[in-house]
Amino acid sequence: GLLPTTVPAPSVITFYDFAALAYPELYDPRERSYYDTIIPRSAQRASAVIAISERTKADAVRAFGLDEDKVVVTPLGVDPQFRPVPDAAQLVRDRYGVGPGYILGCVGSGHPRKNLKAVVSAFELMPGAGVDLVIVGSVQRDQEACALIEASPRRERIHALGYVPETDLPAIYSAAGALCFPSLFEGFGLPVLEAMACGVPVVCSNASTLPEVAGSAAALHEPKDVDQLLALLQTGLEDEHWRTQAQAAGLEQAARFSWARCTERTLQAYEAARHV
């Protein structure tokens, strides 16, 4: 946001991601110019800066020449509602008409940086016809992905649910065979941890913050390498030994991220701002 030229009290500004700088071609020119003019001035004027990941901190320091000590990292947390749901398969079948064991792709905004087209492309190459693809979020934001879905030879097995009630998300995660999250850029990547907390194996890209968030609990791939993504998805759905290890590691990884810790770190940032 924009801080006024003269700030009458200590101020704190929060950064979530710098995707518009990393992939300017995916953003409106007016939005990109915001990062070139208004945001740098606000960052410099702020008494303290919050970043939601170490990668976002590094991006802020590099982009705006900030002192590292001025930036406090406040990792996001996993809500307690995200846990394995015993009756998830029945709930998802009843409400959304999809059987369990599907690939859950790109939970989120549907912005082109989510790289939904890689999910669809890999899904089309999967041998056999027994698995479905479920997409949660606004697919319409990514016109290229929409066109791929509509033209897909497996269109009848692709279920674009749009936005769903947040209370249904734990069941939608829990009934999935794997989460596929091949995003080009994330400030954090909360769906990765939400899926892990629900006991679901995760295949995600190695871009931006995702290795930081996923740790060693996910299978990582180059975001634009569809063949590599396909191979990892097949492992994620078929290799029971890997699935068992990934589920256990995912539960441990998700447990490391809490809103209590996020709150504590946020308070530290505001306390630091008082003494600037």
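The structure presented is a predicted model; accordingly, all values stated were derived computationally and were not measured. Heavy atoms only: backbone and side chains are in, while hydrogens, waters and symmetry mates are out.
- Contact record, A171 with L91: CB-CD2, 3.8 Å, taken as the closest heavy-atom pair.
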For this session: Determine, stepwise, if the pair I172 / V164 fulfils side chain to side chain contact (heavy atoms under 4.5 Å, CB included).
Result: CA-CA 9 Å; I172 291 172; V164 303; 3.8 Å; yes

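- Looking at R141, its side chain never comes within 3.5 Å of a backbone N or O of G110 through a donor-acceptor pair.
- In the model, R256 has a side-chain atom that pairs as donor or acceptor with a side-chain atom of Q253 under 3.5 Å.
- R154 CZ to L125 CG: the interatomic distance, rounded to the nearest 0.5 Å, is 8.5 Å.
- Identified under the side chain to side chain donor-acceptor pair (under 3.5 Å) test for residues 261-270, with sequence neighbours left out: R265-Q268.
- By the criterion of side-chain heavy atoms lying less than 4.5 angstrom apart, applied directly or through intervening Ile, Leu, Val, Met, Phe, Trp or Tyr residues, I39 is grouped together with V49 in one hydrophobic cluster.
- Looking at S53, its side chain does come within 3.5 Å of a backbone N or O of G187 through a donor-acceptor pair.
- Every residue was checked against the salt bridge (charged side-chain N to carboxylate O under 4.0 Å, His left out) condition with D94, not counting sequence neighbours, and none meets it.
- What you find for A269 and I50 is that their closest heavy atoms are CB-CG1, 3.6 Å.
- At least one side-chain heavy atom of P182 sits under 4.5 Å from a side-chain heavy atom of V119.
- Considering OH of Y34 and CG of D36, their distance stands at 12.5 Å, rounded to 0.5 Å.
- For the ring pair (Phe, Tyr, Trp, His ring centres under 6.0 Å) test, residues two or more places apart in sequence or in another chain that qualify with F64 are F15, F18.
- Nearest approach of G189 to V213, heavy atoms of both residues: O-CG1, 4.1 Å.
- For Q234, there are no side-chain hydrogen bond (donor to acceptor under 3.5 Å, both in side chains) partners two or more places apart in sequence or in a different chain.
- For K117, the side-chain contact (heavy atoms from CB on, under 4.5 Å) criterion is met by N115, E144, L148, not counting sequence neighbours.
- Under the salt bridge (charged side-chain N to carboxylate O under 4.0 Å, His left out) criterion, E150 pairs with R155, not counting sequence neighbours.
- Separating the CZ atom in F257 from the CG atom in L193 is a distance of 5.5 Å, to the nearest 0.5 Å.
- Applying the salt bridge (charged side-chain N to carboxylate O under 4.0 Å, His left out) criterion to R93, with sequence neighbours excluded, gives no partner residue.
- Under the 4.5 Å side-chain heavy-atom criterion for Ile, Leu, Val, Met, Phe, Trp and Tyr, V134 and V85 are members of distinct hydrophobic clusters.
- M196 places a side-chain heavy atom less than 4.5 Å from the side chain of V192.
- Residues L229 and L179 are members of separate hydrophobic clusters, defined by side-chain heavy-atom contacts under 4.5 angstrom among Ile, Leu, Val, Met, Phe, Trp and Tyr.
- Partners of Y173 by ring pair (Phe, Tyr, Trp, His ring centres under 6.0 Å), not counting sequence neighbours, listed by chain and number: F82.
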For this session: Applying side chain to side chain contact (heavy atoms under 4.5 Å, CB included), run through F185 and R55 and close with a yes or a no.
Result: CA-CA 11 Å; F185 199 97; R55 170 59 187 265; 3.7 Å; yes

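- Scanning both residues, V202 and A195, for their nearest heavy atoms gives CG2-CB, 3.9 Å.
- Between E54 and K57, none of the side-chain N atoms (NZ, or NE/NH1/NH2) sits under 4.0 Å from a carboxylate O, so this pair counts as no salt bridge.
- In the hydrophobic cluster analysis, where Ile, Leu, Val, Met, Phe, Trp and Tyr join through side-chain heavy atoms closer than 4.5 angstrom, L66 is grouped together with I13.
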Problem set entry | Worked verdict on W259 versus L76 for side chain to side chain contact (heavy atoms under 4.5 Å, CB included) | CA-CA 6 Å; W259 287 115; L76 304 184; 3.8 Å; yes

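- Residue pairs meeting the salt bridge (Lys or Arg N to Asp or Glu O under 4.0 Å) criterion with at least one partner in residues 99-114, sequence neighbours excluded, are D17-R113, R113-E186, K114-E186.
- Among pairs with a residue in residues 60-80, those fulfilling side chain to side chain donor-acceptor pair (under 3.5 Å) read D59-R62, at least two apart in sequence or across chains.
- Residue A88 comes nearest to S174 through the heavy atom pair CB-CB, 3.6 Å, listed as atom of the first residue, atom of the second, then distance.
- Residue I135 forms a side chain to side chain contact (heavy atoms under 4.5 Å, CB included) with just one option from I103, L116, L161, and that option is L116.
- Residue pairs satisfying the side chain to side chain donor-acceptor pair (under 3.5 Å) criterion with at least one member in residues 206-232, sequence neighbours excluded, are listed as follows: N206-E222.
- Residue pairs meeting the salt bridge (Lys or Arg N to Asp or Glu O under 4.0 Å) criterion with at least one member in residues 164-184, sequence neighbours excluded: R95-D168.
- The hydrophobic clustering, which links ILVMFWY residues whose side-chain heavy atoms are closer than 4.5 Å, places F123 and F181 apart.
- Separation of atoms CG (L251) and CZ (R83) is listed at 13.0 Å; rounding is to 0.5 Å.
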Problem set entry | Worked verdict on V61 versus V71 for side chain to side chain contact (heavy atoms under 4.5 Å, CB included) | CA-CA 8 Å; V61 169; V71 187; 4.2 Å; yes

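- Considering CG of D132 and CG of L104, their distance stands at 12.0 Å, rounded to 0.5 Å.
- Looking only at distances, a side-chain donor or acceptor of R243 sits under 3.5 Å from a matching main-chain atom of G177.
- S205 and L220 make their closest contact through O-CD2, 3.7 Å (heavy atoms, listed as atom of the first residue, atom of the second, distance).
- L184 places a side-chain heavy atom less than 4.5 Å from the side chain of L26.
- Taken from NE2 in H241 to OG1 in T235, the straight-line distance is 12.0 Å, to the nearest 0.5 Å.
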